[in-house]
Amino acid sequence: MDYKEAVSEIYDLQKYAIKLGLDNIKSLMSLLDNPQNQYPVIHIAGTNGKGSTAFYIAGILQAMGMNVGLFTSPHLIDFRERIQVNGIKIEKSFVLDFWQRIKELVQARKATFFDTITALGLDYFRTKNVDVSVVETGLGGRLDSTNIVDSEIVVITPIDFDHQKQLGSKLEEIAAEKAGIIKNKSVVFSAKQQKPALDVLLNVEKKTKTFIYYPDYIKINFKLTTLDRMEFDIIDDFNKDLLSGLYTKQVGAFQADNIGLAYLVSRYFLQKKGIDFNHSLFEKQLKNIFWPGRLQKIQSHPDIIFDVSHNPAGIKKTLHYLLENINQKSLHILLGLVSDKSHEEIVNFIAGKCEFIYVTEPDTHRKLDGAVLVESFKKNNNDAILIKNSQKAFDYAKTQLKDEDT
């Protein structure tokens, strides 16, 4: 067996439906002698922004000299993006060796794809002797495979509606599932939350040592926002500090909040480990790091932007930022969704906000029929062109752009 065959067999585990629960991951980790107990963990849950926040935390801690593991999902291009140490993807040889070691147990238990890659990442971090691992949940929190970790710090990014089938139809129910990663000794950091979600977190917080609510301590003062960069200050009331003139190629007002939250978490963790926070290293890292697929501009004149927003709350934030920085009449939108998203709410928001809409379908068995999206746009008095093949749809949309369009 080679690496390609091993990854193909790991992907085949997706035939087992999502199974929320910790039985399988406990068995896998026991076989591996519970590597997740051998390093501190910063555990992140939420609806939107958790991958970005995890990425920024890992990057900041790495800039301060720490050996940092990062576990995120999904990947954009390469399976190995999901598991990194200091920004370097897991070795193909480790993936192959791991699969050969654990394949029999995985198949016997019908463990899921996510169970398996969670075990892979947590085992890999042990072999790399990480100082800390930053772990993003997959779905929910309480019954998510990653909840095998005993988190030193828990981070909750904004909670909103998504995956209602698995997590509940009310915001309070979704929040309770996300909050399930909070352990008795965890220090909890939370992004700004809607009141029903915040009430749940505050109730859970009673069992923890510390609850730090981001909006109470951090203010973002924007100096410049464009499609190419942002410049802003962080006013930090928690550490009584001002970080001025910060610059990043990452754009989106929500990304500034993700960066602010990551900064607050990282600085707290460093302080607990007796490591000084270095302002210049932070500023340098902020200029260099970029989390791809998030309002990522891949071409100018005309401007072409890729974004992975995939639920109503995420798409609203993305479009708000976009429309603040471009001429609405020059906006073309190419949209494809999977079938478990609230497509009507997404269409209701997009309709009327741009001149041209193209509908396509993601290359996955979970795709939403593009005709359903087109019909939804029609109900909102918006015409949409359907091209089911996403590459052909993208190529066609590009031919429709004038130099000043987006």
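What's counted below: heavy atoms across the whole structure, side chains too, no hydrogens, waters or symmetry copies.
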Backbone N/O of [Y] and side chain of [X]: donor-acceptor pair under 3.5 Å:
X: Q36; Y: V149; result: no
X: Q193; Y: T157; result: yes
X: S339; Y: R366; result: yes
X: T364; Y: K367; result: no
X: N221; Y: F232; result: no
X: T360; Y: K388; result: yes
X: K183; Y: I181; result: yes
X: N147; Y: L143; result: no
X: E283; Y: S280; result: no
X: D307; Y: R294; result: no

State plainly whether the residues [X] and [Y] are in salt-bridge range, i.e. N to O under 4.0 Å.
X: R80; Y: D78; result: yes
X: D123; Y: R101; result: yes
X: K185; Y: D150; result: yes
X: D228; Y: K297; result: yes
X: D131; Y: K273; result: no

Is [X] atom [atom1] crowded by more than 12 heavy atoms from other residues, nucleotides or ligands, each under 6.0 Å away?
X: K353; atom1: NZ; answer: yes
X: D2; atom1: CG; answer: yes
X: K219; atom1: NZ; answer: yes
X: K192; atom1: NZ; answer: no
X: K272; atom1: NZ; answer: no
X: K128; atom1: NZ; answer: no
X: L76; atom1: CG; answer: yes

[X] vs [Y] side-chain heavy atoms within contact, under 4.5 Å:
X: T53; Y: V265; result: no
X: V187; Y: I212; result: yes
X: T72; Y: F55; result: no
X: D144; Y: F114; result: yes
X: M66; Y: L270; result: yes
X: V7; Y: W99; result: no
X: I42; Y: E152; result: no
X: T137; Y: K178; result: no

Pairwise distance [atom1]([X]) to [atom2]([Y]) - rounded to 0.5 angstrom:
X: E355; Y: H332; atom1: CD; atom2: NE2; value: 8.0 Å
X: S190; Y: L261; atom1: OG; atom2: CG; value: 8.0 Å
X: I275; Y: S266; atom1: CD1; atom2: OG; value: 11.0 Å
X: I57; Y: L264; atom1: CD1; atom2: CG; value: 9.5 Å
X: I174; Y: I159; atom1: CD1; atom2: CD1; value: 8.5 Å
X: D237; Y: L242; atom1: CG; atom2: CG; value: 10.0 Å

Legend entry - Step-by-step salt bridge (Lys or Arg N to Asp or Glu O under 4.0 Å) determination, R267 to D241: CA-CA 11 Å; R267 187 158 181 174; D241 203 354; 2.8 Å; yes
So which atom in [X] and which in [Y] form the shortest heavy-atom distance, rounded to 0.1 Å?
X: L122; Y: P35; answer: O-CB, 3.7 Å
X: G140; Y: A45; answer: O-CB, 3.9 Å
X: Y214; Y: A256; answer: OH-O, 4.3 Å
X: S27; Y: L105; answer: O-CD2, 3.9 Å
X: S186; Y: S151; answer: OG-O, 3.2 Å

Inset, instruction - Kindly write out the residues that satisfy side-chain contact (heavy atoms from CB on, under 4.5 Å) with D199, not counting sequence neighbours, or none if the list is empty. - result: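 Expected list: K195.
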State whether a side-chain donor-acceptor pair under 3.5 Å links [X] with [Y].
X: S145; Y: T118; answer: no
X: D395; Y: Q391; answer: yes
X: N239; Y: D236; answer: yes
X: N48; Y: D160; answer: no
X: Y56; Y: Q255; answer: yes

Inset, instruction - Could you tell me how the ring of F277 sits relative to the ring of H279: parallel (under 30°), tilted (30 to 60°) or perpendicular (over 60°)? - result: perpendicular
Inset, instruction - Could you name each residue pair satisfying ring pair (Phe, Tyr, Trp, His ring centres under 6.0 Å) that touches residues 238-258, not counting sequence neighbours? - result: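 For residues 238-258: Y217-F238.
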Inset, instruction - Scan for ring pair (Phe, Tyr, Trp, His ring centres under 6.0 Å) pairs involving residues 78-97, sequence neighbours excluded, and state none if there are none. - result: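 Sorted result for residues 78-97: Y11-F79, F94-Y124.
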Legend entry - Residue among I326, L322, T318, V251 satisfying side chain to side chain contact (heavy atoms under 4.5 Å, CB included) with I305: L322
Legend entry - Ring centre gap for H343 and F377 strictly below 6.0 Å: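 So the answer is no for these two rings.
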Legend entry - Aromatic ring proximity, centroids under 6.0 angstrom, F189 and Y268: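 Yes, they do, as the ring centres are separated by less than 6.0 Å.
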Legend entry - Pair I218-Y263, side chain to side chain contact (heavy atoms under 4.5 Å, CB included): steps then yes or no: CA-CA 10 Å; I218 299 291; Y263 153 79; 4.0 Å; yes
Inset, instruction - List the steps, then state whether side chain to side chain contact (heavy atoms under 4.5 Å, CB included) holds for V106 with D115. - result: CA-CA 9 Å; V106 166; D115 288 329; over 6 Å; no
Inset, instruction - Apply side chain to side chain contact (heavy atoms under 4.5 Å, CB included) to H43 and F71, showing your working. - result: CA-CA 10 Å; H43 200 187; F71 180 84; over 6 Å; no
Inset, instruction - Apply the test side chain to side chain contact (heavy atoms under 4.5 Å, CB included) to residues V95 and Y3: give CA-CA distance (whole Å), side-chain angles for both, the deciding distance (0.1 Å), then the verdict. - result: CA-CA 7 Å; V95 176; Y3 167 77; 3.9 Å; yes
